[in-house]
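The next block holds one structure in the form of structure tokens; read it before the comments.
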Protein chains: 2
Amino acid sequence: MKIPRDIVEKRMAEFLEACQRKCLKLTHQRLEIYRELAVSEEHPAAETIHRRVRRRLPTISQDTVYRNLKLLAQEGLISIVGMSHERLRFDANMGMHHHFVCVHCGLIRDFYSSNSAVATMPKEAKTFGEPVSLRLEVKGVCHGCRTRRRGKR
Amino acid sequence: MKIPRDIVEKRMAEFLEACQRKCLKLTHQRLEIYRELAVSEEHPAAETIHRRVRRRLPTISQDTVYRNLKLLAQEGLISIVGMSHERLRFDANMGMHHHFVCVHCGLIRDFYSSNSAVATMPKEAKTFGEPVSLRLEVKGVCHGCRTRRRGKR
DNA sequence: TAGCAATCAGGAATGATTCCTATTCAATTC
DNA sequence: GAATTGAATAGGAATCATTCCTGATTGCTA
């Protein structure tokens, strides 16, 4: 359930360094939010992190937790599991296929890979349970968003 | 933007057949909800489907759309993109890794694959934009849920 | 075509996330 | 080590997607 101490310490050191490089203030709250994520193997939700950090910083607000997690994800110091545009999205294509997801606008498109290795269940996946389905999730910036963004700079 | 007519017709036929096999009533609403998903390439959200179906069935309720989409996903006639447990989940592990996601309890765990082909960006992924990250998403039932469920039957 | 279980409509409730605003604080400078 | 200042915070209100509730409707079977 816990990440080994030496890895956590490495993550914390890199985090401090990255915050300074990116001119993010090292607030008590920010540090504890990151630490709580860095020690956990379970990919906790924001509310879980809030609950845990509150044991040490009893007045920390939900908003601070959400704000920091989003900010850190934006700066590439942590990542958000799945798609960030979080409404349920549905799919009638039940055949083997993969997804390209645009991190800016939430566009999702199917693609198919000619590389059959990608369609094979890795044995390591069985460590945690019985696999049922397999999909490659590629995050990126779609053509539309790329064009739009280029104009902005 | 649209799926070719012959594929849509094939999907509709299979859908009718599957509903009968599974003793799901063929209501007007259910049919139109599925049809709207079957013709779309964009993995629409529930609200989008609701808006579109309403053009033909003006009194259809949101709940009906949500209820049917969830039911059809449960029966394996459609699928939900991403994780069904939809709270944001965070990750401090920025190295290359993959995810095992339990469809019952939402457990997420990292695993690593020795197969390097899985770590290579498929060229087909570039069709829709500039890829940034790559991850294998394996859905399944975790050990804990499997044990619990076996007891129930 | 009658009966019944499944399904539905509409509105209220829930729960996660974000917004608002006055206050606090980390970091820089002197 | 005090002053300054823009970034960050707390707390509560607001929003938005999703689900629940209840009474009415409808597909299916006989």
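Each chain gets a letter, A, B and so on, in the order the sequences are listed, and its residues count up from 1. Any value given below was found using the heavy atoms of this structure, including those in side chains, with hydrogens, waters and symmetry copies removed.
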Query raised in the report: Near DNA chain D, under 4.0 Å by heavy atom, which residues of residues 13-24 of chain A?
Result: none
Query raised in the report: Tell me, which of residues 65-81 of chain B have any heavy atom that sits under 4.0 Å from an atom in DNA chain D?
Result: B:Tyr66, B:Lys70
Report summary line: Heavy atoms of B:Ala117 and A:Asn115 approach each other most closely as CB-ND2, 3.9 Å
Hey, are [X] and [Y] close enough for a salt bridge, meaning a charged N less than 4.0 Å from a carboxylate O?
| X | Y | value |
| --- | --- | --- |
| B:Lys2 | B:Glu41 | no |
| A:Arg56 | A:Glu36 | yes |
| A:Glu32 | A:Arg35 | yes |
| A:Glu130 | A:Lys126 | no |

Between [Y] and [X], is there a side-chain heavy-atom distance shorter than 4.5 Å?
| X | Y | result |
| --- | --- | --- |
| B:Leu69 | B:Ile80 | no |
| B:Val65 | B:Gln29 | no |
| A:Glu42 | B:Leu107 | no |

Requested in this report: Check the pair B:Phe15, B:Tyr34 against ring-ring contact (aromatic ring centres under 6.0 Å, His included), reporting the backbone distance first and the verdict last.
Outcome: CA-CA 8 Å; B:Phe15 179 71; B:Tyr34 180 80; 4.0 Å; yes
Query raised in the report: For A:Glu124, which residues count as a salt bridge (Lys or Arg N to Asp or Glu O under 4.0 Å) partner, sequence neighbours excluded?
Result: none
Query - Test salt bridge (Lys or Arg N to Asp or Glu O under 4.0 Å) applied to A:Arg135 - qualifying residues, sequence neighbours left out - result: none
Report task. Go through the side-chain N and O atoms of A:Arg30 and A:Thr27 and say whether any donor and acceptor fall under 3.5 Å apart. Result -> no
When the distance from [atom1] of [X] to [atom2] of [N] is rounded to whole Å, what number comes out?
| X | N | atom1 | atom2 | result |
| --- | --- | --- | --- | --- |
| B:Leu88 | C:dG15 | CG | C1' | 13 Å |
| A:Ile49 | C:dT17 | CD1 | P | 11 Å |
| A:His50 | C:dT18 | NE2 | P | 14 Å |

Query raised in the report: Of B:Gln62 and B:Lys25, whose nearest nucleotide on DNA chain D comes first from the 5' end?
Result: B:Gln62
Query raised in the report: So B:His99 and A:His43, would you call those rings parallel, tilted or perpendicular, with 30° and 60° as cut-offs?
Result: perpendicular
Query - Nucleotide interval of DNA chain D bounded by contacts with chain A (heavy-atom cut-off, under 4.0 Å) - result: D:dG6 to D:dT18
Query raised in the report: What residues in residues 26-37 of chain B put a non-hydrogen atom under 4.0 Å from any atom of DNA chain C?
Result: B:Thr27, B:Gln29, B:Arg30
Report task. Classify the nucleic acid contact of B:Glu47 as base, sugar-phosphate or nothing, counting any heavy atom under 4.0 Å across all strands shown. Result -> nothing
